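Computed from a prediction, not measured in an experiment: that's the story for all the values here. Counting convention: from 1, in listed order, for ligands and their atoms alike.
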Amino acid sequence: MNIAVFASHGGSDLQAIIDGCKQDKLNATVAVVISNNGDSMALERAKRENIPAYHMSAKKYGSEDLLAEELLKVLEEHQIDMIFLAGYMRMLHVDILTKYHNRVFNIHPALLPKFGGRGMYGMNVHTAVIEAKETETGVTIHRVNAEYDSGEIVAQTKVPVLENDTPEILAARVLEREHTFLVEVIAKIIGGEIVLG
Ligand code: GRF
């Protein structure tokens with residue numbers, strides 16, 4: 001199974017997937033890493049692991065359509081079976097969603113459908129969870145469609161919100177759980193329990 005990981009920033013989720021492959025917890029290869037951010041730690045991590053890594057953005061290619069064309073070429077070249085969005089801050093073009101129908105997944109740091117949608121990313125999510133006085137939050141892995149955070153949920157896990165949590169403390173607890181959960185869920189995709197395509 002060849003996985004493409006798209007990531008915009010730190011790439012700690014990307015690293016968890018890479019490590020899962022290296023430790024044989026995942027019968028898969030991270031075949032390519034793509035980032036819209038040329039300075040992202042995610043690209044750095046990929047290079048360190050000798051994984052082909054590309055900085056690709058609409059700005060670089062002139063339009064979203066041209067970016068999609070280039071992305072499709074890269075995905076084909078690396079014979080990608082599944083795309084994982086791990087902290088990717090952009091919408092995927094409909095041509096990519098069509099070509100990889102039901103093969104694109106995203107990880108979200110809350111229990112969707114709560115705390116999702118436009119603007120609900122990064123610390124905004126955890127701040128909203130604390131302001132809503134939730135006692136639990138979690139991690140959601142869902143298929144990606146043309147709207148933010150609304151594709152079919154394939155897996156969720158809960159994480160407690162503790163009384164004195166700040167958004168930063170809660171974010172760290174959720175992210176830590178993401179790293180193990182990603183590997184558990186991708187293993188289910190590889191095993192066919194969660195169906196691709
Ligand atoms: C994670 O919290 C993920 O749920 C969200 O973006 C964050 C990525 O973190 N979509 P990192 O860049 O992998 O460290």
Least distance between heavy atoms, [X] atom then [Y] atom:
X	Y	answer
A86	V5	CB-CG1, 4.0 Å
L112	I153	O-CD1, 3.5 Å
L162	D165	N-OD2, 2.8 Å

With no hydrogens and no angle check, is any side-chain donor or acceptor of T29 less than 3.5 Å from a backbone partner on N2?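 Not confirmed, T29 side chain does not pair with N2 backbone.
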
May I have a table of the N/O to N/O pairs between ligand 1 and the protein that fall below 3.5 Å, each row giving the two atom names and the distance to 0.1 Å?
{"unit_1": "ligand 1", "atom_1": "2 (O)", "unit_2": "E178", "atom_2": "OE1", "d": "3.4"}
{"unit_1": "ligand 1", "atom_1": "2 (O)", "unit_2": "E178", "atom_2": "OE2", "d": "2.9"}
{"unit_1": "ligand 1", "atom_1": "4 (O)", "unit_2": "I107", "atom_2": "O", "d": "3.4"}
{"unit_1": "ligand 1", "atom_1": "4 (O)", "unit_2": "E178", "atom_2": "OE1", "d": "2.9"}
{"unit_1": "ligand 1", "atom_1": "4 (O)", "unit_2": "E178", "atom_2": "OE2", "d": "3.0"}
{"unit_1": "ligand 1", "atom_1": "10 (N)", "unit_2": "I107", "atom_2": "O", "d": "2.9"}
{"unit_1": "ligand 1", "atom_1": "12 (O)", "unit_2": "G10", "atom_2": "N", "d": "3.3"}
{"unit_1": "ligand 1", "atom_1": "12 (O)", "unit_2": "G11", "atom_2": "N", "d": "2.8"}
{"unit_1": "ligand 1", "atom_1": "13 (O)", "unit_2": "S12", "atom_2": "N", "d": "3.0"}
{"unit_1": "ligand 1", "atom_1": "13 (O)", "unit_2": "D13", "atom_2": "N", "d": "2.7"}
{"unit_1": "ligand 1", "atom_1": "14 (O)", "unit_2": "S12", "atom_2": "N", "d": "3.0"}
{"unit_1": "ligand 1", "atom_1": "14 (O)", "unit_2": "S12", "atom_2": "OG", "d": "2.6"}

Non-neighbouring partners of S8 that pass side-chain contact (heavy atoms from CB on, under 4.5 Å), sequence neighbours left out: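 By the side-chain contact (heavy atoms from CB on, under 4.5 Å) rule, S8 matches N36, Y88, M89.
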
Pair R173 + E176, salt bridge at N-O below 4.0 Å: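 Between E176 and R173 there is no salt bridge, as every charged N stays at least 4.0 Å from the carboxylate O atoms.
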
